[in-house]
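Before any comments, here is the structure.
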Amino acid sequence: MKKAAIRYGAVLGVLALSCLAQGSAQTLDELRGGFLHPPDNAKPMVRWWWFGPAVVQPELARELDAMHAAGIGGVELAADYPLALDDPAHQLVNLRYASPEYAAMVHFAEDHARSLGMRVDLTLGSGWPFGGPEVSLADAAGKLKIVAVPLGSADAKLPQPVEGDSFIAAFVADGTPAHYDAEHARQLPGSTMPSALESATDKLQVELFFFASHTRQQVKRAAFGGEGYVLDHLSKAAVDHYLNTVGSALLQGFPDKPPYAIFSDSLEVYGADWSATLPEEFRRWRGYDLVPNLPLLAQGDTPRAAAIRRDWGQTLADMVRDNYLATVAQYAAQHGTRFRSQTYGTPGVTLFDEHVPQLPEGEGPQWRDFSYTRWASSANHIFGNNVTSAETFTWLHSPAFRATPLDMKVEADRMFLEGVNQIIEHGYPYSAPGAEEPGWSLYAAAALNDHNPWWPVMPEVARYLARVSWLLRQGEPANDVAILLPEADAQADFRPGHVSVTDGMEHRITPALMGAVLDAGYNLDYLDLASADAKGIRYPVVVVPPTERMPLHGVELLRAYAAKGGKLIFIGETPTRAAGLSDEKDDAKVEQEAAALVKASVHIEDASQLPDALEKTVPPDVSLGETAGKLGFLHRHLPFADVYFLANTSNQPVHWSLKVRAHRSAAEWWDVESGNVTSAVTDADVVFPPYASRVLVLHDGPAVHAAPVANPAAPGRVAALGPWTMTFPGSAGSKPEPAEEPQTDTLWTDSAATRFYSGEVVYRAQVHVDEGEAHNVVSVDFAPSTPLEDTQPPNKPGIRAWIDPPVHEAAIVFVNGKRAGALWHPPYALALTGLLRSGENTIELHVYNTAINELAGQPPRDYTELKAKYGDRFQMQDMNNLEPVPSGIRGPVRLVFGEQNGGAQ
């Protein structure tokens, strides 16, 4: 571990200099000002899918204008599979990926985006992972190929290497191809394939042949002209060639100014566990020869076999970091840009490797499980990177076009709880002019573009995301607990074809462990030993989950941490072995010194005892009480303030007694949507409606003189709104023509005439207000939300809001022609103070649903001809048997007058 940290200290320092500093507010006034008016770099971005790519300049400009108007701060250009055949008569031509024609479109888009003040990132490959026609088989992702042949069988034959295979070694072992004695396998002499099988003895024996082979994985969802092998991420020569061909061709689209960042999606190089130079690299890093030990990679359950697999796994991480991550990061720096990378998956990188890309990024809203998002934010916290981006909404409420603004909030809030402060929306599908509504979409993921009817409330969604993102960049993270990742144990469990540290962590950093920390009122980061060696340990508490393998240097790091006052909590199994075979001489000392360290620290049997152990070491940051498991928080600390973001992740209201560890002279609630500030009272009962969030700011400055947030109390007069007159302005796809007349049933999907309508419906009602009431505090309140049962299958990715809201799916409220605000999440209530007048008043609700209803009324799209030409590159997800979903408003709507107003949930 120490060797890796020292070697890459120079890389860490050089790359850190090239990162864009994100300044933090220095005064309370700056904090308030930035909250009210967050800078453009805090706005959400979108992954902009170009299908084909078949794009034209007028539509590129139109879509960018729509994004900008909706509060989107930037785009990530991503080319994917074709969705239509060429049709030159309608200006629809699939441009070859990375061609000069494609680069010209990139240049047009980036130039127009920058004229709007938008950020532009470039995905450095079509589909994912990196690869394509420029990648030869020799440069393609590699794997260790093992062929086992039984000896003594009449039909036993030597394996025939296929193109691209390179013979490594052959062995003879007792046993069968399925179960052989790998510990005592005998390597056959020579560096070439044996010409004949060995003679059999009276024992069952097997001959093992090892080849350096290739996964032959193809680029997933490739654009036209982007098809081909996936790149060997372990080979510097292969990576250099890719960058100098594909990278250079793509950067022709940025002749005047480089992109803000070049981007690499998650490492999904399936089965990649080998490269031609791996034996040499292994010998250099680990100090012994891997080849004589190859049988132990596939079979063998002894400590020695596990130790060799750990060394193999660590060498894979070293090679990915050295040959891929550092190479791309240096390429980015040389071209005046940054490397934004999702650094997890296969091949098996470690947490320490996250320090190499200038912009580490996460993915996944699993805030109470092990997640790639917390993996990235933890590394950023350790290495001092202030901005953590995350691919967000990847599997949001499938199928495409079904996701709602509320669904977006549900997932985004969980991302914020994990430390994210830059949302990358996944995503915005380009749609060719003239395509049947609601236009094109990715095979999976949300379609977050202006073909979705609820788009008029996107400015409110974007402002919410920007305000929270900016606020969570201020100061420093205040996470108390670090969980030390047992990476060596995960690597010791590697097998050919299964070499992912992050996959291994999913079984070691369990939901029980995560929940024990979070529910006790603490937030946490992950930590590994190489990162601790490079940057020290700054957390009050380090939790060591069950761990067998740890390098002696790691034990010494923990001992030094404890000597300086750090608190260690060991759970279950404690270290008894060094990390790998290369340091097995330290086994006895590791066991001895770890035992002494455990004895001087806290040792518990399982995660259920962790809350008590934590509370004895440091007081909880937030006292959650009965809200544990539902209410989450993220705490940022500044010299003059403490900022808490709190979110109810459940579909029912929760009551929380305001109690946090931080103490300042003033405590305030900062409303993320209105920007209003009200005083906060310690120990006061605070109601969080379903999926609601709040920002608590404690500071040392003068308090804003504002009344505290009132809990629902007895209102004054209540005036029911209705009956409603409903009009249908129509949409690009369908324009029903029902009569304009008062309605008592306000879900328009209950009518056969409008069941498949997607778009805007205007609800209009009149209300009389007495002269004395016109200037009172007043709000419009909707019926409560109804919780729904979570029926999501446990193994199916995705997230959604599990409530039946009174507004399907969003609304903009107008009073006497003046815009009062938008409704898109609980509480479905809106202040109307100052907008009413004495006498008759007109209330309008402009209600928007999703595009699913329109799609449900159409025949399924036929991609037969498309796939016949380009191959089967996608399968549309969950698009069979579509049914329209409820649309409109549900239940009574009322005006509530008085000084204190209730709020619907």
Side-chain angles (χ1 to χ4, degrees), residues 44 66-72 403-409 438 448-467 671-676 689 691-692 721-722 724-732 740 743 746-749 754 757-767 778-783 785 801 805-836 841-851 853 885-896 903-904:
M67 295 179 210
H68 180 254
I72 303 299
T404 71
L406 174 58
D407 294 327
M408 295 173 68
K409 184 179 189 299
L448 308 176
N449 65 6
D450 61 351
H451 291 262
N452 226 333
W454 52 256
W455 183 260
V457 303
M458 186 56 124
E460 278 76 14
V461 179
R463 183 170 60 245
Y464 172 81
L465 298 177
R467 275 190 173 149
D671 187 271
V672 179
E673 290 177 272
S674 69
N676 294 337
Y691 303 122
L721 289 177
W724 297 97
T725 297
M726 298 166 59
T727 58
F728 290 70
S731 71
E740 184 173 323
Q743 302 286 319
T746 52
L747 286 177
W748 73 72
T749 38
T754 54
Y757 175 73
S758 290
E760 176 187 21
V761 174
V762 179
Y763 292 74
R764 185 177 296 105
Q766 301 294 123
V767 63
V778 63
S779 69
V780 59
D781 284 20
F782 287 72
S785 302
V807 177
H808 287 282
E809 300 297 339
I812 299 176
V813 181
F814 292 84
V815 178
N816 299 321
K818 294 183 179 180
R819 192 180 192 277
L823 298 166
W824 55 280
H825 64 81
Y828 289 93
L830 191 66
L832 304 182
T833 304
L835 294 176
L836 294 172
N841 292 262
T842 301
I843 308 292
E844 284 188 357
L845 311 176
H846 292 235
V847 181
Y848 312 92
N849 65 344
T850 74
N853 293 18
V885 297
S887 301
I889 58 176
R890 175 184 56 78
V893 185
R894 59 185 190 165
L895 290 183
V896 182

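The figures that follow rest on heavy atoms only: side chains count, while hydrogens, waters and symmetry mates do not.
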Step by step, work out the side-chain hydrogen bond (donor to acceptor under 3.5 Å, both in side chains) result for Thr749 and Asn853. CA-CA 9 Å; Thr749 38; Asn853 293 18; 5.3 Å; no
Check the pair His846, Phe814 against ring-ring contact (aromatic ring centres under 6.0 Å, His included), reporting the backbone distance first and the verdict last. CA-CA 8 Å; His846 292 235; Phe814 292 84; 4.7 Å; yes
Can you list everything that forms a ring pair (Phe, Tyr, Trp, His ring centres under 6.0 Å) with His68? Sequence neighbours excluded, please.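 Expected list: none.
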What pair of heavy atoms forms the shortest contact from [X] to [Y], and how long is it?
X      : Y      : result
Gly759 : Asn849 : N-OD1, 2.9 Å
Ala69  : Pro459 : O-CG, 4.1 Å
Asp671 : Arg467 : O-NH1, 4.4 Å
Pro806 : Ala783 : CG-O, 3.1 Å
Gln766 : Thr842 : OE1-OG1, 2.9 Å
Pro729 : Val761 : CD-CA, 4.2 Å

Taking the side chain from [X] and the backbone from [Y], do they hold a donor-acceptor pair closer than 3.5 Å?
X      : Y      : value
Ser887 : His808 : no
Tyr848 : Val457 : no
Ser779 : Ala829 : no

Check: [Y] and [X] side chains under 4.5 Å, non-hydrogen atoms:
X      : Y      : answer
Leu836 : Ile843 : yes
Phe782 : Leu830 : no
Leu895 : Leu721 : yes
Val847 : Trp748 : yes
Leu406 : Glu809 : no

Under the salt bridge (Lys or Arg N to Asp or Glu O under 4.0 Å) rule, what pairs show up with a residue in residues 816-826, not counting sequence neighbours?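 Only Glu460-Arg819 qualify under salt bridge (Lys or Arg N to Asp or Glu O under 4.0 Å).
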Nearest 0.5 Å, please: how far is [atom2] in [Y] from [atom1] in [X]?
X      : Y      : atom1 : atom2 : answer
Ile889 : Tyr763 : CD1   : OH    : 5.5 Å
Leu448 : Met408 : CG    : CE    : 5.0 Å
Tyr691 : Asp407 : OH    : CG    : 8.5 Å
Trp724 : Arg764 : CH2   : CZ    : 10.5 Å
Asn841 : Leu835 : CG    : CG    : 9.5 Å

How are the rings of Tyr464 and Trp824 set to each other: parallel, tilted or perpendicular (split at 30° and 60°)?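 It falls in the perpendicular class, over 60°.
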Can you list everything that forms a side-chain hydrogen bond (donor to acceptor under 3.5 Å, both in side chains) with Trp454? Sequence neighbours excluded, please.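 Here no residue qualifies.
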